Structure formats: C-alpha cells, structure tokens
Amino acid sequence: MAVNRAAVVDQRFLQHVARLTPGPAQPNLDAAVAPGRGLSGRLALQLFESMIASRHLDLASRDLKSRDASFYTIGSAGHEGSAAVAASLRPTDMAFLHYRSGGFFVQRARQVPGQTPLLDVLLGVTAAKDEPIAGGRHKVFGSKSLFIPPQTSTIASHLPKAVGAAFTLERRKRLGLPLDVPEDSVIVCTFGDASSNHSTAQGAINAACWSSFQNVPVPVLFVCEDNGIGISVTTPSGWVAANHQNRPGMRYFGGSGLDLPEAYDAAQAAVAYVREHRRPAFLHLKVVRLLGHAGSDVEQSYRSEEEIEASEALDPLRRAATLLIEGGWASPELLTQLYEDTRARCAALAQEAADRPKLTTAEEVVAPLAPRRPALIEAEARRAPDAAARLSLWEGKLPEADRPRHLAVQINRALGDLLVKYPELMLFGEDVAKKGGVYNVTTGLSRRAGVGRVFNTLLDEQTILGLAIGAGHMGSLPIPEIQYLAYLHNAEDQLRGEAGSLQFFSQGQFQNPMVVRIAGYAYQKGFGGHFHNDNSVAVLRDIPGLVIASPSRGDDAAAMLRTCVAAAKVDGAVCVFLEPIALYMTKDLHQDGDGLWSTPYDPDADPAPIGVGRVTGEGRDLTIISWANGHWMSQRVARRLEEQHGLRCRVLDLRWLNPLPIEDILREAVATGRVLVVDETRRTGGVSEGVLTALIDGGFSGRMARVAAWDTYIPLGAAANLVLVQEHDIEAAALKLVGGK
Ligand SMILES: Cc1ncc(C[n+]2csc(CCOP(=O)(O)OP(=O)(O)O)c2C)c(N)n1
Ligand SMILES: [Mg+2]
C-alpha cells in the first residue's frame, strides 16, 4: 500500500519542531525578524497561524474524504506562504484566487472582524448548503465581505476578469463614478506555474501590458505560485521568470514563497509598486507542492520517492517554525501547542460541517442561477433617460424626429440613449470607436459619449469578455461587442464557464451583468465564407440562465436592448444580443422601396419582455415560427402563400432564443393546428430543436415541420445558398404541411 504522505508530512513537521533549539527570547515582538527585513516577529507569528490553519484544513479535508464526507481534496500544502501576500494587501483589494491560495484566504479573513474562514472552507469541501459563498455548489475560496469572488476550476480563466476589474477601477475614477473600494485599491489574482502558460493567462497578461505600455492604468498584481509542476508535467526550470521578467509595461518581482521574510518583502514591494504606479506587476513566488495534486493523485506514479521526499523537506511550515523558534519569537512547545490546537479545532469544525444539511432539491440547486424579476425589469426599462442629457448627446437632433430607419440605425440610437441613461455603461470591442464597428452600428457613439465610455480594445475576445466580467465586478454595466459570431468561439469559456456561472457559485452575492452584442448569422451579400456567416448558436443555447435576444427589426431591437440592459441592471443578467448582419441595412420587405422593414424610433415604446415573442397575422391555415433573417423571409413567404395559394398564415417572431417564448409558441400553434419552424441555424443544435420539443412537451398534437440549415460550414459565394434555408424551401415546406391546399 502507498505511504500516506499526509501523515508523513504531518509527523515530520512535529519532529522538526521538537528538534529545534530556541534562540534567546525576543524582547520586542514588533522588531524585524532579521536585519533589513520588513516582517516583524508579531506578523510572522500571525502568518504562521494562518499557515497551519490552511495546512490543517487540507488534512481535515482528506480525513473527511476517507469517511466519504468530503468531495474535494485539492489543497494548499506547500503554498501556505501566500499568507504573506494577503498580509501585504488590504482586504478591499479584490482578489481572484488560485485553488491553492488557502494561506491567503485565512490570512485575509483575519483582517476583517467576524470571519469564520476555517468553518467556511470545511462547509465547502463537505458541500454543505449553508456554506456562505457557493452554498454547496462548489468548493471555492470566496467571500463577499473579503472581496474574494469565487473562481471556477478552469485554470487561468480568472486572469482576464482581474485585468478587467483593474482597468474599470481606474476608468470609473476617470469618469467620476463612485467606487465600493478605496481609490488606490489594487486587484490581485493568483495562479499556478503551469496555468501561466495557458492562452487565457497569456492573453490577460498581454492585455495588461498593452494597456500599461500606452499609459492606460491597470493596477493588477499577478501572483504566480510556482511549485514547478502542473499535475504531472514539470515546468522548465527558469521558464516562468524568463517569460515574465521583461514584459513591456509590467514589473517583475521574485522571491521564495517558502521563506516568509523574503516572500513578505517581495509581496510588499510588488503591492507598493502596483498601488503607487497603477501598473501591472508580476510577483513570482517559488513554492512547493506537497501531498500531490489532489487527494486522488497517485504522485508516486510520476515522481520518485526521493523527489517527493525532497519536496517535503522544503515544507514551508518547517521553515517558518525554524525562523520563529531559532529567532526567539516562540518556543517549540508553543508552536506544537498551536499546531495541535488548530488540528483539534479543524477536526471539530470538520465534524460540524459534515453534519450540516446538503442541497436536497433541484429547485434549491438552481435557485441562484439567473434570477428574473420581470416587473422590476419592465419598470427599469421604462425609466426614461434625462431629457436634457439626451438632447445634448443627440446634439439637438432627437432620433424620434427622423423618418423610419433600418435595424443598424435603431440599435445605434438605443445604445446612445442607454449611454445617457446609465453613466456606468461602457461600450467596447474591436473597432467600435472611431470606425463605429464593422457595420457602423456604433458610429458616432464614441464622439457623442466620450472615448472613456465607448472605446476600442485590443484584438482578443477573451480579453473583451474578461473586461466585461471585471467591469461588472466593479459596478459598471458593460456592453462588449464580439465582431462576428464565429469569433465568440475563441473566447466562449469567459461567457459559459465564467460570466454565466458567477451567480450560481456565489448565490447571487457577486454579479457580472452584461449585454454582449454579437453580429451574426448568414445571408450576407458580398461578404461570404463561413466565418462571417456563422449560423451556429448551439453553444449559446445551452448556457444555463443566459438571456439570448435576437431581433429582426429595428423597433424590436431598440425595445429588446433596453430590456436586456434593464435585466442586467436589476438582476445582474448575462445577456447575448445576437444581431442579424444581413438585416442591418434592410429597409424593405416585399418590394424594393416599400420601406416595410424600416421603423420609427420611439424612445418611449413599450419594453419587450424577456421570453415573449411577437405575432403578426391572424391566419388560420398555418403558423410559421421563426426569428431574425428567417422571420424576414417568413413574412415574405407568408404574403406569397396568401396571394398565390390562398393560404392564410400567422407568423411568430420568437425574438428570444433563451428563454423561448413557450406560451406564444403553444398558443399560436394551437390556433392553426399546423406549425412550420423556419430555422436559419443548424439542423443539429439549432433553435428548431427547442421549438419542436416545446410543442411536444406542451402536448401539441397538430402537424409540425421544420426547415433548417445543413450541418456544415458555410462555403463562399452562391454555394452558400445550397446549405442555407431559402424562401423556396419555406414555401415548399409550407405547402407540404397544409397538404397542398
Ligand atoms: C483549462 C483547464 N485545463 C485543464 C485543467 C485540469 N487541471 C487542473 S489543475 C491543472 C494543473 C495546474 O497546474 P499549475 O497551474 O501549476 O497549478 P498547481 O496545481 O501546480 O498549483 C490542470 C491541468 C483545468 N482545471 N483547466
Ligand atoms: Mg504548479
């Protein structure tokens, strides 16, 4: 049987302490632990307490696991020196933590009265429903009062939001907006050495450097807890330093995370640099991983006994004990007592945690996922922006005085009004500023609202969405733009794994409201090929709680956008606003010049409630259900069906792809008994799957059919039309469905 390394590490620490020879007792606890060092004896003792607390949490969690009472055993053993980083920061410096930053977490909790970090962590590993941050949904380091948002298990995924929070902190100051934290706050994120190679980490560090290089302040501290290994893969010696020492715009600080005085000095220097200069810094702390990657990791399968023992000899607890005892700050008896008392306290708390109730119903599990308060959202959407400020933004020419216009113009106007209404709103993405976006949807807004609020980002979708998340954490309302649907895939974890899950893993205590504008779908004339005509939405539809709005016409777009921003404001909603590129400039419906796809701009229009569609026509022969480009085509086909075949249709524009307007779908289906779903997305993963399933779930027993695009990438040129839904497909399917009437 494999040796229980946790027991070995535990016992060797005690043996080590017992063998140490105490130095002469120190008369003044506030003196430095060594000449020239910033760490006092008093603080060293306190850090030691945090470190052993973190260690005993690891041991207790393994003990619970052996009794099937813990569900998580990734620990912080060997990394406990991160307590020195916490001690160098203020508890209001927002912290996005690595899963091994237990020392940091416990130490920060000391800085705020009334905290129970040990019980909280143990409630986390036992999945207790009264664990204060995730409520049994995950084991995370997180706390509202400690300014520690919970992080997911996806390594490095928290770095973009840390950069976004740091950027927004400064941007809010520049815009004269209030902050929940002191103005000279910094943002910190911690991560492992292997994680530092991840494109998400590299993208975030690059984004911080890119900003700093051009003197845009980004007070973020990147802390790499370098144990030299990622699960079983070693990091090349010297790589982390070589990779981050000479980055433009970022200062590098290094030190041993195993040596408390050195770690503390390095952390102090790094924090002071970021706080003063408002520039990013990289704090590289060498640590060691003890007890393997996780409880289930059989380290012996990829590391020799000698290597494991050599790591264990570096145990930072032993080193800290040596410092304290040989330095005359504490006796071996005192530290042993402290260690054993902490063990006993953790054991008692572990039992208490294990006995606490768990989540027991599905309803309980999903309760915090995505709260929706439609009445509040409606009231918020109706709230008018200040009239004088509007007049000023529109330079005296109010958009409602203009003639009916097309979709792109109406989105632009709604965005302009929203910029007036919400001072905390920021609009950003590649090319959104001077150029006004690839399709001129944001034209003029940067000039009107200022470059501080409508601005270009660098070309990195992960950074754009990370910025949005960080902006939300700082109290702003971001509207990021992704240039094309195909390029969302570049960064979708930021939406799916991160933004979408925050309320779930924090029981709504942290929110990252946002409305992500994405130009998408096919049928672009003159700009072909898959990547500018991507029609796959499957990746969005299954993100739990995500609101997906997809307008077809300008008046709806404005109303839906107002609703999305209101939902973001009221409920912290994460919304995607999927705009059909091919309809941006479309003015007509049936004939050239009929102007039927142009609409007036009404700033006081009724809000479009989430999950409510819009019906046109009262025909009794057929219900066509569609949205976006498909809706425009369906309207045209419906007219022809009536004129040429005497068929009378009603057309439902879904408007919302999540949640689907189920009530409208069922009501309109029942009204005719025949439903044709016109789905411009894919047969597989497309929206029609959801619509038809909703009909079946709802007990609809009439006839159903669908037309949908092929499951393929979109080719260039006219060949695209071979795989995309065409009007003649809709017509043929409609005639077939009604039996050739
Ligand atoms: C994006 C992603 N890929 C893979 C994993 C699985 N995984 C979890 S931890 C880890 C290694 C991380 O190593 P490092 O960053 O050095 O942190 P350490 O565990 O050593 O502290 C991996 C590959 C993950 N969590 N996220
Ligand atoms: Mg590592």
Side-chain angles (χ1 to χ4, degrees), residues 5 54-55 57-58 61-62 71-83 85 96-105 138-141 150-162 189-205 222-244 254 256-258 263 282-299 301-303 307-308 310-312 314-316 461-462 465-466 489-501 505:
R5 300 308 318 185
S54 174
R55 177 67 55 89
L57 288 175
D58 289 348
S61 138
R62 279 165 193 251
F71 307 96
Y72 190 94
T73 49
I74 296 187
S76 303
H79 287 232
E80 290 93 345
S82 66
V85 181
F96 299 85
L97 296 183
H98 185 41
Y99 48 75
R100 292 200 203 282
S101 297
F104 184 112
F105 185 72
H138 202 1
K139 152 66 183 72
V140 289
F141 290 125
Q151 297 316 313
T152 65
S153 291
T154 313
I155 54 98
S157 60
H158 53 308
L159 272 63
K161 56 181 125 173
C189 56
T190 61
F191 50 91
D193 48 300
S195 306
S196 75
N197 295 305
H198 201 279
S199 66
T200 319
Q202 288 299 308
I205 292 168
F222 298 106
V223 181
C224 181
E225 298 182 18
D226 181 359
N227 58 23
I229 198 165
I231 306 190
S232 68
V233 181
T234 49
T235 295
S237 175
W239 167 246
V240 175
N243 197 12
H244 298 96
S256 170
L258 302 170
F282 191 95
L283 173 60
H284 181 195
L285 291 178
K286 291 278 187 50
V287 295
V288 65
R289 189 187 75 187
L290 304 178
L291 316 185
H293 175 70
S296 58
D297 176 33
V298 184
E299 210 181 2
S301 69
Y302 56 87
R303 284 181 103 186
E307 280 177 278
I308 294 173
S311 289
E312 289 172 359
L314 297 174
D315 184 348
E461 284 74 16
Q462 289 201 114
L465 294 176
H489 304 312
N490 234 265
E492 71 203 20
D493 174 61
Q494 288 294 309
L495 195 59
R496 164 187 302 277
E498 301 301 311
S501 71
F505 290 126

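Numbering of ligands and ligand atoms starts at 1, following listing order. Computed from a predicted structure; not experimentally measured. Note: hydrogens, waters and symmetry copies are ignored here, and every other heavy atom, side chains too, is used.
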With salt bridge (charged side-chain N to carboxylate O under 4.0 Å, His left out) as the test, would you mind laying out the steps for Lys161 and Glu498 before giving the verdict? CA-CA 9 Å; Lys161 56 181 125 173; Glu498 301 301 311; 2.6 Å; yes

Residue of the set Ile74, Ile229, Thr73 for which side chain to side chain contact (heavy atoms under 4.5 Å, CB included) holds with His293: Ile74

Among all protein heavy atoms, pick out the one at the shortest distance from atom 12 (C) of ligand 1; state its residue, atom name and that distance to 0.1 Å. Tyr99 OH, 3.3 Å

Examine the proximity of ligand 1 to His98 and report which part, side chain or backbone, both or neither, has a heavy atom under 4.0 Å away. side chain

Per-atom contacts, ligand 1 versus Arg100 - under 4.0 Å to a heavy atom: 18 (P), 19 (O), 21 (O)

Any N/O pair Ile231/ligand 1 closer than 3.5 Å: no

Any heavy atom of Glu225 sitting closer than 4.0 Å to ligand 1? no

Would one find an N or O of His198, backbone or side chain, under 3.5 Å from an N or O of ligand 1? no

Answer side chain, backbone, both or neither: which part of Arg289 comes under 4.0 Å from ligand 1, heavy atoms only. neither

May I ask you to identify the nearest protein heavy atom to atom 15 (O) of ligand 1, giving residue, atom name and distance to one decimal place in Å? Ser195 OG, 2.4 Å

At a non-hydrogen distance cut-off of under 4.0 Å, which region of Phe191 contacts ligand 1 (side chain, backbone, both, or neither)? neither

Taking 4.0 angstrom as the limit and counting only heavy atoms of His293, give me the atoms of ligand 1 inside it, by number and element. 9 (S), 19 (O)

Within reach of ligand 1, part of Ser153 (heavy-atom separation under 4.0 Å): backbone

For the backbone of Gly228 and the side chain of Arg289, can you confirm whether one donor and one acceptor N or O come within less than 3.5 Å of each other? no

So which protein heavy atom does atom 3 (N) of ligand 1 come closest to, and at what separation? Ile155 CG1, 4.1 Å

Record the part of Thr154 in heavy-atom contact with ligand 1 below 4.0 Å; permitted values are side chain, backbone, both and neither. both

With under 30° as parallel and over 60° as perpendicular, where do the rings of His98 and His79 fit, or are they tilted in between? tilted

Please identify which atoms of ligand 1 are closer than 4.0 Å to at least one heavy atom of Asn227. 18 (P), 20 (O), 21 (O)

Whether the His138 and Thr152 side chains hold a donor-acceptor pair (N or O, under 3.5 Å, no angle test) is what I'd like checked. no

Within the 4.0 Å heavy-atom shell around Gly230, which atoms of ligand 1 are there? 11 (C), 13 (O), 16 (O)

Under-4.0 Å heavy-atom contact with ligand 1, by part of Asp226 that carries it: neither

Quick one: report the N, O or S atom of Asp193 that is nearest to the Mg ion (ligand 2). OD1

Would you please classify the geometry between the Phe282 ring and the Phe222 ring as parallel, tilted or perpendicular, with 30° and 60° separating the classes? tilted

